[in-house]
Each structure stands twice: as structure tokens, then as C-alpha cells.
Amino acid sequence: MNFLSHFYFERFATHPERVVGSLLPDLLKNFDKSYTFHPQRFEEQLFTHPLGVELSEGWYRHVEVDKLFHSSTYFIDHSHYLRKELDPVIADLPIRGTFLAHIAIELILDHLLIKHELVNVSRLYENLANVNRTVLKNYLITIGVPDVDGFLTFYDKFIAWRYIFEYKDLEQISKPLINISKRIWQFDVTADVHERMTAVLLSYTEERMHDFKDVYVYIQDNLTYLS
């Protein structure tokens, strides 16, 4: 799931570190897609501070939420049907249709959370800004992040960009979809591709995503870690 959907499950958290932990795996991947970390191996060091516990609890719930989401019938079915509609749009591009549909479903879900006022985007950014920086930096050092200062610079830029607010407008989502795809493939797109992709996303969301709340209920009902 994307940032806002992970925040949905931590929206009542009482510590910013719990929220930051739930976003940290994806933030680190966005900074460097080769990054893979296993904080559970360092619990003895990380758990010496209660806010280190909060960061790890958010991280562990992130992993479980993604596992439940990606194995759900909801995700599998919608990814399949949306891919079939997107394939003609990207026929001349190197983008893999399964990848694009996967990311598109996650961004559409974030859009729907905003549209239906199920989360407060400002509150997400407040949590990111209010994290204990000393605890966060020590956490990153302990789990083995090679470039902690570089990541924290990226972290601050992520907060300043505030681009998640743009997901309120579904017509803007083709842009991050293309940008995310360009991290993997090299290509250029025309305005026509953006328009056609937007048309598919708009119609699919309007016609097929009325049941979007079901997947959040399913995940919440099946979360085992700190549920």
C-alpha cells in the first residue's frame, strides 16, 4: 500500500514515531531502491528507548499490512482488471502492465481516502515533522542505513514537497504513475498518453472502486500485530 493507506491504520497513534515507522520502509526504498533492512534483528539495541519501540511497531505493522493487502482477493482482482484496461495505453512503452496496475490501485486508494475524508493528510505531515530526530537517526544507524544524513535530507524534502495532497485530484495521478515507472524503465511519454491513462483511471475508479472500504476492513480485521 502507499503512504496514506499505511497512515490510515496508524491515524489514531499517540506518538509520531509510530506513524513514521509505518512509512519508513517505503521512504527508505524511495531514497534508494536497493535498501533492505531487518530491524527485528536489532531489537535489543532499538528497544532501549520507548520511541525506538514505537518506530519498530510501526515498521512491523507496515510489513503485515502490505502482506495482507497484496495477498487479498481485492488487490489481485482489481490489479488484473485494471491492467487489462491500461495495457492498450502503454502498448508502445516498456512499462510492465502488472506493475502499473499495482501502483495505480494503491494511488487510487489514497485518492479515495482523501475524497471520503477518512484520513487527514495534514496530520500525516505533522507526524513526520514532529518525530524525535535523535531517536530516528540512531534507529537508522542501528539498522545499518549506509547514508543516514542523505536519507534525512530526502526525508525533509519529502515533508516539504507535500505532494500527497495532490492525490485529491484523480486527474493528476497519471504523473506520479509515470514518474514511478521511470525509476525502472527509460522512456518518454506524450500528453496523449497522460490523457488516455487519466481517462482509464477516472472511469475505472467511478465504475469499479465503490467497494474500496472493504479492503481496509479486511486488513484491520486480520491484523495480528498490536491489533
Side-chain angles (χ1 to χ4, degrees), residues 1-11 13-67 69-70 99 102-103 106-107 109-110 113 119-167 173 175-186 225-226:
M1 301 191 97
N2 202 41
F3 294 113
L4 203 56
S5 289
H6 280 290
F7 175 58
Y8 172 86
F9 296 102
E10 313 303 335
R11 65 196 185 283
T14 56
H15 297 284
E17 290 71 25
R18 174 74 166 269
V19 174
V20 173
S22 75
L23 306 183
L24 205 48
D26 286 345
L27 286 169
L28 286 163
K29 279 287 187 184
N30 280 12
F31 177 64
D32 187 325
K33 64 174 183 271
S34 70
Y35 277 3
T36 301
F37 303 103
H38 303 280
Q40 65 271 22
R41 297 176 182 172
F42 306 97
E43 287 184 352
E44 186 174 352
Q45 301 101 298
L46 298 174
F47 285 14
T48 58
H49 196 295
L51 297 183
V53 176
E54 293 286 344
L55 284 165
S56 286
E57 288 177 347
W59 185 302
Y60 298 161
R61 281 168 61 86
H62 172 108
V63 173
E64 189 176 8
V65 165
D66 269 356
K67 183 178 180 180
F69 176 64
H70 292 136
F99 173 87
H102 176 154
I103 303 302
E106 295 185 352
L107 294 183
L109 286 171
D110 277 11
L113 288 176
V119 291
N120 184 324
V121 182
S122 294
R123 183 64 179 149
L124 180 151
Y125 283 111
E126 288 171 11
N127 278 282
L128 290 173
N130 291 329
V131 71
N132 185 307
R133 296 290 288 234
T134 301
V135 171
L136 176 59
K137 185 170 184 176
N138 288 338
Y139 190 95
L140 296 169
I141 291 170
T142 301
I143 66 173
V145 175
D147 184 6
V148 171
D149 289 338
F151 172 75
L152 290 174
T153 298
F154 164 80
Y155 181 90
D156 289 334
K157 289 180 180 177
F158 180 88
I159 296 172
W161 289 331
R162 300 173 75 83
Y163 68 77
I164 295 175
F165 281 104
E166 297 176 9
Y167 295 167
I173 286 183
K175 295 175 183 177
L177 272 177
I178 293 298
N179 290 336
I180 292 168
S181 299
K182 284 184 175 180
R183 297 175 191 168
I184 303 173
W185 299 280
Q186 292 185 343
Y225 192 79
L226 299 178

Across all chains, not counting sequence neighbours, the ring pair (Phe, Tyr, Trp, His ring centres under 6.0 Å) partners of Trp185 are Phe99
- Do Leu136 and Asn132 touch side chain to side chain, with heavy atoms closer than 4.5 Å? no
Lys182 (side chain) donor-acceptor with Gln186 (main chain) under 3.5 angstrom: no
Item to check | Side-chain donor/acceptor of His6 to backbone N/O of Met1, under 3.5 Å | outcome: yes
Practice item. Report yes or no: does Asp110 contribute a side-chain atom to a donor-acceptor pair with the main-chain N or O of Leu4 at less than 3.5 Å? Key: yes
Applying side chain to side chain donor-acceptor pair (under 3.5 Å) to Glu64 and not counting sequence neighbours gives Thr224
Rounding to 0.5 Å, atoms CG (Leu107) and NZ (Lys175) come to a distance of 14.0 Å
Residues passing the salt bridge (charged side-chain N to carboxylate O under 4.0 Å, His left out) test with Arg133, sequence neighbours excluded, are Asp156
Shortest non-hydrogen pair, Pro146 vs Phe37, comes out as CD-CZ, 4.0 Å
For residues Phe69 and Leu109, determine if any side-chain heavy atom of one lies less than 4.5 Å from a side-chain heavy atom of the other. yes
Contacts of Arg123 meeting salt bridge (charged side-chain N to carboxylate O under 4.0 Å, His left out) (sequence neighbours excluded), chain-then-number -> Glu126
- Query: Would you find a donor on one side and an acceptor on the other, under 3.5 Å apart, between the side chain of Tyr155 and the backbone of Leu128?
  - Reply: yes
Between the CG atom in Leu46 and the CD atom in Gln40, the distance rounded to the nearest 0.5 Å is 10.0 Å
Those residues at least two apart in sequence (or on a different chain) that pass side-chain contact (heavy atoms from CB on, under 4.5 Å) with Glu166 are Tyr163
Smallest heavy-atom separation, Phe9 atom then Arg61 atom, equals O-NH2, 3.1 Å
Under 3.5 Å, is there a donor-acceptor pair between the side chain of Ser56 and the main chain of Val53?
no
The side-chain contact (heavy atoms from CB on, under 4.5 Å) partners of Lys157 (sequence neighbours excluded) come to Thr153, Trp161
Distance-only side-chain donor-acceptor flag, Glu10 / His15, under 3.5 Å
no
Residues at least two apart in sequence or cross-chain that pass side chain to side chain donor-acceptor pair (under 3.5 Å) with Asn30, listed by chain then number, are Arg183
**Prompt:** Is any side-chain heavy atom of Tyr35 less than 4.5 Å from a side-chain heavy atom of Ile143?
**Reply:** no
Taken to the nearest 0.5 Å, the spacing of Leu24 CG from Phe31 CZ works out to 12.0 Å
Output for pair (Asn179 CG, Ile103 CD1), nearest 0.5 Å, gives 12.5 Å
Given Tyr167 and Asn2, is the side-chain contact (heavy atoms from CB on, under 4.5 Å) satisfied, shown in steps?
CA-CA 11 Å; Tyr167 295 167; Asn2 202 41; 3.5 Å; yes
Residues passing the side chain to side chain donor-acceptor pair (under 3.5 Å) test with Lys67, sequence neighbours excluded, are none
Exercise for review: Check the pair Phe7 / Asn127 against side-chain contact (heavy atoms from CB on, under 4.5 Å), numbers first and verdict last.
Suggested key: CA-CA 10 Å; Phe7 175 58; Asn127 278 282; 4.0 Å; yes
#### Entry: Tyr139 and Leu51: CA distance, side-chain angles, deciding distance, side-chain contact (heavy atoms from CB on, under 4.5 Å) verdict
CA-CA 10 Å; Tyr139 190 95; Leu51 297 183; over 6 Å; no
| query | Is a side-chain donor or acceptor of Ser22 paired with a backbone partner of Val19 at a separation under 3.5 angstrom? | reply | yes
Sorted by chain and number, sequence neighbours left out, salt bridge (charged side-chain N to carboxylate O under 4.0 Å, His left out) with Glu17 holds for none
Backbone N or O of Asn120 within a donor-acceptor pair of the Arg11 side chain at under 3.5 Å?
no
Contacts of Lys137 meeting salt bridge (charged side-chain N to carboxylate O under 4.0 Å, His left out) (sequence neighbours excluded), chain-then-number -> Asp149
Taken in chain and number order and not counting sequence neighbours, the residues that satisfy side chain to side chain donor-acceptor pair (under 3.5 Å) with Asp147 are none
_Intermediate values then yes/no, side-chain contact (heavy atoms from CB on, under 4.5 Å), Asn138 and Gln45_ = CA-CA 10 Å; Asn138 288 338; Gln45 301 101 298; over 6 Å; no
By side-chain contact (heavy atoms from CB on, under 4.5 Å), Ser34 pairs with (sequence neighbours left out) Asp32
OG1 (Thr134) and NE2 (His49) are apart, to the nearest 0.5 Å, by 8.5 Å
Under 6.0 Å between the ring centres of Phe158 and Phe3?
-> yes
